[in-house]
Novice: 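Have a look at this one.
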Amino acid sequence: MSTKQFASHADTEEKKVSFDRLSDHAYAYTAEGDPNSGVVIGDDAVMVIDTQATPVMAQDVIRRIREVTDKPIRYVTLSHYHAVRVLGASGYRPEHIIASRDTYDLIVERGQQDMQSEIERFPRLFRAVESVPGLTWPTIRFEKRMTLMLGKLQVEIMQLGRGHTKGDTVVWLPEEKILFSGDLVEFDATPYTGDAYLTDWPATLDAIAALQPSKLVPGRGASLQTPAEVKAGLEGTRAFVTAMFESVKRGAAAGLDLKSVYRETYATLKPQFGHWVIFDHCLPFDVTRAYDEATQYKDPRIWTAQRDKDMWLALEG
Ligand SMILES: [Zn+2]
């Protein structure tokens, strides 16, 4: 096996941004598989869901919002704690930053290590990293569910179950049946499962499907604008998560070590999923967490910049 560059260090090409109108109240900021942001425009205020990685990068989201509304951006909602989605929050100068209690707990427990780890994994995705003032701290924490009225527009902010992380939060516009899923759902992009609860993830996808979204903004990849596209996004994510975890469980049950399980799982998944963005980046982290969950670690272990590199050397070196 030839040595691959660490994480996303070989990824240097800028992506093209799309800002899609989903309804009078909902827009999707997507970039060919880079982390997405969602925008909800209420009667009196705007909410941004996931911020981009730095305050400087947030300015491009703001610029596009200003092309469609001059209402104030009062709320930022975090779909989960990952640095690449939350560290741009200060760029919006929001009155409130909303997160689940579980996401808040993860920021307290491992936010600092995650920030260091992610900045080193994704050099291109942290443009102007020096503009990050530090960790992003929620000002509103909710348990399981909260309803926000933006004037007459009802916005449901919900934890439907664990999957990508234990704090996963979706934003739902019930009147328009539009869902912002965060990294619980990806489209033509590889799910990152390094901090996941793989046993629980399929049931959480069931809970999303039960809402019958007509449109869905995934964590990465194009916005899904019809029920058929939503179904494809949910099924693709489920297929990857299930096939990856099954392969790892099989290997672990046979007593294989992590490196052997990684090689087998990589070969099993490559034909079906190898063309999805960040496949080579994600697989080592994904299989490591899956092996942990299949053996002795109920909860994801904290990734540090050093643990990242040790793991990469062990599996790809
Ligand atoms: Zn994430």
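When a ligand or atom number is given, it counts from 1 through the structure's own listing order. As a basis for the values below, the full set of heavy atoms in this structure was taken, side chains included, without hydrogen atoms, waters or symmetry mates.
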Novice: Report the atom name of the nearest N/O/S atom of D183 relative to the Zn ion (ligand 1).
Specialist: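 Going by distance to the Zn ion (ligand 1), the closest N, O or S atom in D183 is OD2.
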
Novice: N/O/S of D195 less than 2.8 Å from the Zn ion (ligand 1)?
Specialist: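 Here the distance criterion (N, O or S atom, under 2.8 Å) is not met by D195, so no.
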
Novice: Any salt bridge linking K71 with D43? Criterion: basic side-chain nitrogen under 4.0 Å from a carboxylate oxygen.
Specialist: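 Result for this pair is no, no salt bridge flagged.
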
Novice: Hey, is K249 close enough to E246 for a salt bridge, meaning N to O under 4.0 Å?
Specialist: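 Yes, K249 and E246 are salt-bridged.
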
Novice: Would you give the angle at the Zn ion (ligand 1) between H164 atom NE2 and H82 atom ND1, to the nearest 10°?
Specialist: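 Nearest ten degrees: 90°.
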
Novice: Is R145 salt-bridged to E156, going by a charged N under 4.0 Å from an acidic O?
Specialist: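 Judged by the 4.0 Å cut-off on N to carboxylate O distance, R145 and E156 do form a salt bridge.
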
Novice: Does the side chain of D50 come under 3.5 Å of the side chain of S37 through a donor N or O and an acceptor N or O?
Specialist: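 Short answer, no.
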
